[in-house]
Protein chains: 2
Amino acid sequence: MKRFIVTGHLASTAGNFSLNDLPGAGRMDVLCRCVNASFFLSHDFRRDVECYLVLCGEPEPPKTVMFSGEKVRYLSPDERSAGSLIKKALALPARSEFRESTPGVYVRKGGLGQVLDEFECAVLAESGQDIRSAKDLPEAYLLSDHHNFSEDEMSLISNLPAYSVGPLSLHGDHTISVLNNEFDRRRAGWH
Amino acid sequence: MKRFIVTGHLASTAGNFSLNDLPGAGRMDVLCRCVNASFFLSHDFRRDVECYLVLCGEPEPPKTVMFSGEKVRYLSPDERSAGSLIKKALALPARSEFRESTPGVYVRKGGLGQVLDEFECAVLAESGQDIRSAKDLPEAYLLSDHHNFSEDEMSLISNLPAYSVGPLSLHGDHTISVLNNEFDRRRAGWH
């Protein structure tokens, strides 16, 4: 199982945002593209992936929305489709445990600390170890949206192993595409 | 200069589609994501890229919309932003030569044949040479949307050199992200 965890520092935690203005919902568009990059193949779907969106915007931060590649339905590649499923998840009253809002999409209260308690995560940073030179790839990766990690977040993650996909700082979804490609190549015996 | 050329087999050639339903405009969402992947870096922009969208849908196929990374303005990462600039380009009466519709975005009549007359292109195919093993990377890449290349297109491209980014068939935008990453690494001396 591969896991991609994306922090949306201003992403709305209410299910009343407009699908016609995903950037206006605390840059929800960034998170929607990360969902796309996590799962979609050409005429196929990555069932071995989970994507966690840690939403830290108003009015009820933090919440975590999780997409399960194994179980998700009704997800299309466009941003609006992922946005619609996130919106439905946020419209459900969140509790401390995950609740399913639509097939394969879940919501709970809680943020980054809770996810880090559950999984051994690596963090993506330009100064990290090149993923191509890593003997074994970690299974869970923490990414940020268009904002850097906050001081509070840094205190949680400063001891995590750091990896890099390349010399330039990429958008989260592009980073996920490169990571998935590296996994694909290793699994198929490409060097 | 890197060039990504994406064929949208059903993509609308009229500027009257709805930004609220990009998939309904002949899967214009696919092309919008390719524009995003071509250009965006985290807090930076790839000025050395051009992205050509070859639109083959009704009512006036084919048309080509070109985004110049050097000159484009008013482009944000979300699908709707690229869709809005494509829509403005298609609202302009197209001629055989490129006309600028908004800064750095251009439209003309004509399709794949014309682009192939102008650039030496490589085609992306799972059976092609692994890009990591290529001594020199081609500068222009031809990709398809969610449909395979047609028989007419195949007759134009069957002699082009073929490259592969990995063992699985990816969406066009994910392929562009992996290609850009390979270019980034080579330029920075990463192996």
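Each chain gets a letter, A, B and so on, in the order its sequence line appears, and its residues count up from 1.
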ILVMFWY cluster, A:Tyr52 and A:Val107 together (side-chain gap under 4.5 Å): no

Could you have a look at B:Pro167, B:Ser177, B:Gly172 and say which one has the most heavy-atom pairs with chain A under 4.5 angstrom? B:Pro167

Only one of B:Arg80, B:Arg27, B:Arg33 passes side-chain contact (heavy atoms from CB on, under 4.5 Å) with A:Asp78, and that residue is B:Arg33

Side chain / backbone / both / neither for A:Asn181 at chain B, heavy atoms under 4.5 Å: side chain

CZ on B:Phe39 to NE2 on A:His171, rounded to 0.5 Å: 13.0 Å

Does A:Asp117, at its CG atom, have more than 12 non-hydrogen atoms belonging to other residues, nucleotides or ligands within less than 6.0 Å? yes

Cluster link A:Tyr141 to A:Leu168, ILVMFWY, side chain under 4.5 Å: yes

For residues B:Val54 and B:Leu124: do they belong to one hydrophobic cluster (side chain heavy atoms under 4.5 Å, members Ile, Leu, Val, Met, Phe, Trp, Tyr)? no

Can you tell whether the side chains of B:Asp130 and A:Arg185 come within less than 4.0 Å, N to carboxylate O? yes

Scored by heavy-atom pairs under 4.5 Å with chain A, the best of B:Ile176, B:Asp29, B:Asp44, B:Leu41 is B:Leu41

As a test of understanding, state which of A:Asn36, A:Asp173, A:Asn180 forms a side-chain contact (heavy atoms from CB on, under 4.5 Å) with B:His174. A:Asn36

State plainly whether one hydrophobic cluster holds both B:Val123 and B:Leu179, where clusters connect Ile, Leu, Val, Met, Phe, Trp and Tyr through side-chain heavy atoms under 4.5 angstrom apart. no

Checking the side chain of B:His146 only, and the main-chain atoms of A:His43 only, is there a donor and an acceptor separated by less than 3.5 Å? no

Could you please state which residues from residues 4-23 of chain A sit under 4.5 angstrom from chain B, measuring non-hydrogen atom to non-hydrogen atom, sorted by number, or 'none'? A:Asn20, A:Pro23

Ion pair present between A:Arg132 and B:Glu182, side-chain N to carboxylate O less than 4.0 angstrom? yes

In terms of heavy-atom pairs under 4.5 Å with chain A, the winner among B:Ser169, B:Ser81, B:Ala37, B:Ser76 is B:Ser169

Please determine whether the number of non-hydrogen atoms from other residues, nucleotides or ligands lying under 6.0 Å from atom CD of A:Glu120 exceeds 12. no

A:Trp190 side chain reached by B:Ser164 side chain, heavy atoms, under 4.5 Å: yes

A:Arg95, CZ atom: more than 12 neighbouring heavy atoms under 6.0 Å: no

Using heavy-atom distances under 4.5 Å, tell me whether A:Arg187 contacts chain B through its side chain, its backbone, both, or neither. neither

Are the side chains of B:Leu170 and A:Ser42 in contact, using a 4.5 Å heavy-atom criterion? no

Hey, quick one: are B:Val165 and B:Ile157 part of the same hydrophobic cluster, counting side-chain heavy atoms closer than 4.5 Å, chains of contacts allowed? no

Would you mind checking which part of B:Arg46 comes under 4.5 Å of any heavy atom in chain A, side chain (CB onward), backbone (N, CA, C, O), both or neither? side chain

